[in-house]
S.K.: 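My structure is below; once you've seen it, I'll send some questions.
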Amino acid sequence: MLQIQQYIKSASLDEAYELLQKNRNNQILGGMIWLKMQDRNIPVAIDCSDLLSDEIIEQEDGFLIGAMTSLRTLETHPALNAWCQNMLCDSVKDIVGVQLRNMATLGGSLYSRFGFSDVLCAFLALDTTVYFHHAGAVKIEDFVKGHGERDIVTHVFVKKEALKAAFRCVRRSATDLSVLNVAAARTENEYRMVVGATPKCAKRYSYSLDMSKEEIASSLKEKVECASNLRGSAQYRKELVYACALKALAAIEEDSYAG
Ligand SMILES: Cc1cc2nc3c(=O)[nH]c(=O)nc-3n(C[C@H](O)[C@H](O)[C@H](O)COP(=O)(O)OP(=O)(O)OC[C@H]3O[C@@H](n4cnc5c(N)ncnc54)[C@H](O)[C@@H]3O)c2cc1C
């Protein structure tokens, strides 16, 4: 059971950051969907909901997304999803149900760096910068390597670039976590392929535009390290890397492809 000794609604991000540093068990509260399932003791739960935006603002060069933005807002934002051909919508739409997606936040989803995360997998395929209160701007490729520990995610910026993108995942049953997920983006210079839930944290790979989708999928199958857990064996995941990558690439190459 989760136990919270003290709840503080911070007056400023400086105060919240200071509280966070005081004890390694102090926690920033996102939507609390994950936290509330845990068996742990939190000395100070820090509520920054009045200080962090829950909105997506479209700018000329990109999308500014507040840390308190819900997964449901990501799923339903018309401009963001029109720009990425629903890739972000597809990455979150199967996460449990609308009620959970209305509560779970982008900040909590990214900060947790879950190996299974569909959200992290999708954002890693985009030109994403994660902003922290203390560390400032961190490219998402560095963020997945562990930058920004014990800091506050304030917002995320996704740069608008000419791309076609798609997301594919496999779940053993609806609402379960992904056995494997793949996000693909074709930009003007490269194919960005992201594979997550291996079951380790998502990782990005680059491929040249002159490679065929079969070549990319085969190369990924060879490169991506998979392991076994209760959702699938390493060998099964390897096969899924190939199948999901091929489906995602087909989806971005053929508008009519149903996946
Ligand atoms: C039953 C269940 C099923 C799920 N299935 C999936 C799934 O299929 N795919 C998927 O991708 N995800 C899934 N998730 C994860 C979910 O999408 C969210 O990622 C998760 O709930 C964390 O978001 P939150 O807002 O609830 O964070 P919280 O639970 O509030 O916080 C999680 C962690 O992040 C920290 N944190 C929160 N906000 C910030 C911030 N702004 N700055 C710094 N640290 C912060 C907290 O201190 C805590 O350590 C599932 C979750 C649950 C409970």
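Position 1 is the first residue of the sequence, and the numbers go up from there. Remember, predicted model here, so these are calculated numbers, not experimental data.
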S.K.: Check the pair Asp47, Ile8 against side chain to side chain contact (heavy atoms under 4.5 Å, CB included), reporting the backbone distance first and the verdict last.
M.R.: CA-CA 6 Å; Asp47 184 342; Ile8 294 183; over 6 Å; no

S.K.: I'd like to know if the side chain of Asn81 reaches the main chain of Glu75, judged simply by a donor and an acceptor atom lying under 3.5 Å from each other, with no hydrogens or angles considered.
M.R.: yes

S.K.: Give me the atom names and distance for the closest heavy-atom approach of Ala16 to Cys48.
M.R.: CB-SG, 3.6 Å

S.K.: Please report the interatomic distance CE(Met193) to OH(Tyr207), rounded to the nearest 0.5 Å.
M.R.: 7.5 Å

S.K.: So do Phe167 and Val92 actually touch side chain to side chain, heavy atoms under 4.5 Å?
M.R.: no

S.K.: Does atom CE of Met32 have more than 12 heavy-atom neighbours, drawn from other residues, nucleotides or ligands, at distances under 6.0 Å?
M.R.: yes

S.K.: So, Ser219 side chain and Glu215 main chain: donor-acceptor pair closer than 3.5 Å or not?
M.R.: no

S.K.: Within a 6.0 Å radius of atom CD on Gln59, are there more than 12 heavy atoms belonging to other residues, nucleotides or ligands?
M.R.: yes

S.K.: Say you draw a straight line from CD1 of Ile28 to OG of Ser10; how long is it, rounded to the nearest 0.5 Å?
M.R.: 6.5 Å

S.K.: Using the six-membered ring of Tyr205, assess whether NZ or CZ of Arg192 lies under 6.0 Å from its centre and within 45 degrees of the ring axis.
M.R.: no

S.K.: Hey, does Leu180 have a side-chain heavy atom less than 4.5 Å from the side chain of Val241?
M.R.: yes

S.K.: Got a donor-acceptor contact below 3.5 angstrom from the Arg237 side chain to the Ala197 backbone?
M.R.: yes

S.K.: Would you say the side-chain atoms of Tyr17 and Asp151 include a donor-acceptor pair closer than 3.5 Å?
M.R.: no

S.K.: Testing the basics here: between Glu190 and Ser206, what is the closest heavy-atom pair and its distance to 0.1 Å?
M.R.: OE1-OG, 2.8 Å

S.K.: Please determine, by modelled atom types, if Asn189 and Thr187 share a side-chain donor-acceptor pair under 3.5 angstrom.
M.R.: no

S.K.: Without swapping roles, check the side chain of Thr105 against the backbone of Gly108 for a donor-acceptor pair under 3.5 Å.
M.R.: yes

S.K.: Can you confirm whether Leu249 sits close enough to Ile216 that some side-chain heavy atom of one is under 4.5 Å from a side-chain heavy atom of the other?
M.R.: yes

S.K.: Under a 4.0 Å N-O cut-off, is there an ion pair linking Arg231 with Asp176?
M.R.: yes

S.K.: Which heavy atom of Ile4 sits nearest a heavy atom of Ala45, and at what distance?
M.R.: CG2-CB, 3.6 Å

S.K.: Give, for atom CD1 of Ile33 and atom CD of Gln99, the distance between the pair rounded to the nearest 0.5 Å.
M.R.: 9.5 Å

S.K.: Are any non-hydrogen side-chain atoms of Thr128 and Phe143 less than 4.5 angstrom apart?
M.R.: no

S.K.: Determine, step by step, whether Glu239 and Lys221 satisfy the side chain to side chain contact (heavy atoms under 4.5 Å, CB included) criterion, reporting the C-alpha distance in whole Å, the side-chain angles of both residues, the deciding distance to 0.1 Å, and the verdict.
M.R.: CA-CA 7 Å; Glu239 299 303 327; Lys221 185 180 169 185; 3.3 Å; yes

S.K.: Over all heavy atoms of both residues, which pair between Met87 and Ala125 is shortest? Give the atoms and the distance, please.
M.R.: CE-CB, 4.0 Å

S.K.: Is a donor from one side chain sitting under 3.5 angstrom from an acceptor on the other, for Ser12 and Asp14?
M.R.: no

S.K.: Could you check whether any side-chain N or O of Asn25 sits under 3.5 Å from a backbone N or O of Ile42, counting only pairs where one atom can act as donor and the other as acceptor?
M.R.: no

S.K.: Between the side chains of Arg150 and Asn26, is a donor N or O closer than 3.5 angstrom to an acceptor N or O?
M.R.: no

S.K.: In this structure, are over 12 heavy atoms from other groups packed under 6.0 Å from Glu18 atom CD?
M.R.: no

S.K.: Taking side chain as C-beta onward, heavy atoms only, is Glu214 less than 4.5 Å from Tyr242?
M.R.: yes

S.K.: Check whether Ser91 reaches the backbone of Leu88 with its side chain - one donor and one acceptor, N or O, closer than 3.5 Å.
M.R.: yes

S.K.: Can a donor-acceptor pair be found, under 3.5 Å and without considering hydrogens, that links the side chain of Trp34 to the backbone of Ser109?
M.R.: no

S.K.: Any side-chain heavy-atom pair from Ile56 and Thr69 closer than 4.5 angstrom?
M.R.: yes

S.K.: Write down the atom of Leu163, the atom of Ala185, and the distance for their closest heavy-atom approach.
M.R.: CD2-CB, 4.3 Å

S.K.: Mind checking whether Val144 and Phe116 sit in one hydrophobic cluster, side chains of I, L, V, M, F, W, Y counted as touching below 4.5 Å?
M.R.: no

S.K.: Is a donor on one side and an acceptor on the other found under 3.5 Å between the side chain of Ser117 and the backbone of Val119?
M.R.: yes

S.K.: In terms of side-chain geometry, is the basic nitrogen of Arg168 or Asp118 positioned less than 4.0 Å from the acidic oxygen of its partner?
M.R.: no

S.K.: Does NZ or CZ of Lys160 lie under 6.0 Å from the centre of the six-membered ring of Phe63, at an angle within 45° of the ring axis?
M.R.: yes

S.K.: When you look at Val179 and Arg172, which way does the side chain to side chain contact (heavy atoms under 4.5 Å, CB included) test go after all the steps?
M.R.: CA-CA 7 Å; Val179 182; Arg172 286 160 60 108; 3.8 Å; yes

S.K.: Are Ile65 and Leu13 in one and the same hydrophobic cluster, where Ile, Leu, Val, Met, Phe, Trp and Tyr link if side-chain heavy atoms are under 4.5 Å apart?
M.R.: no

S.K.: For a 4.5 angstrom cut-off between non-hydrogen side-chain atoms, does Lys93 reach Ile95?
M.R.: no

S.K.: Cluster question for you: counting only ILVMFWY and a side-chain heavy-atom cut-off of under 4.5 Å, with indirect links fine, are Met68 and Phe157 together?
M.R.: no

S.K.: When hydrophobic residues are tied together by side-chain contacts of less than 4.5 Å, even through go-betweens, does Tyr191 share a cluster with Val194?
M.R.: no

S.K.: Do Ile46 and Gln27 come close enough that some side-chain heavy atom pair is under 4.5 Å?
M.R.: no

S.K.: When rounded to the nearest 0.5 angstrom, what is the spacing between NZ in Lys200 and CD in Glu225?
M.R.: 6.5 Å

S.K.: In Å and rounded to the nearest 0.5 Å, what is the CG to OG1 distance from Leu240 to Thr198?
M.R.: 11.5 Å

S.K.: Salt-bridge test for Arg204 and Glu141: reply yes if a basic N is under 4.0 Å from a carboxylate O, no otherwise.
M.R.: yes

S.K.: For the atom pair CZ (Arg186) and CD (Gln85), what is the distance rounded to the nearest 0.5 Å?
M.R.: 9.0 Å

S.K.: Using the rule that Ile, Leu, Val, Met, Phe, Trp and Tyr join whenever any side-chain heavy atoms are under 4.5 Å apart, tell me whether Leu51 and Leu20 fall into a single cluster.
M.R.: yes

S.K.: On a heavy-atom basis, which atom in Asp50 and which in Lys9 lie closest, and how many Å separate them?
M.R.: OD2-CE, 3.2 Å

S.K.: Answer yes or no: are there more than 12 heavy-atom neighbours, outside Glu149 itself, under 6.0 Å from its atom CD?
M.R.: yes

S.K.: Just do the side chain to side chain contact (heavy atoms under 4.5 Å, CB included) check on Thr129 and Ile140 with the steps written out, would you?
M.R.: CA-CA 5 Å; Thr129 307; Ile140 198 160; over 6 Å; no

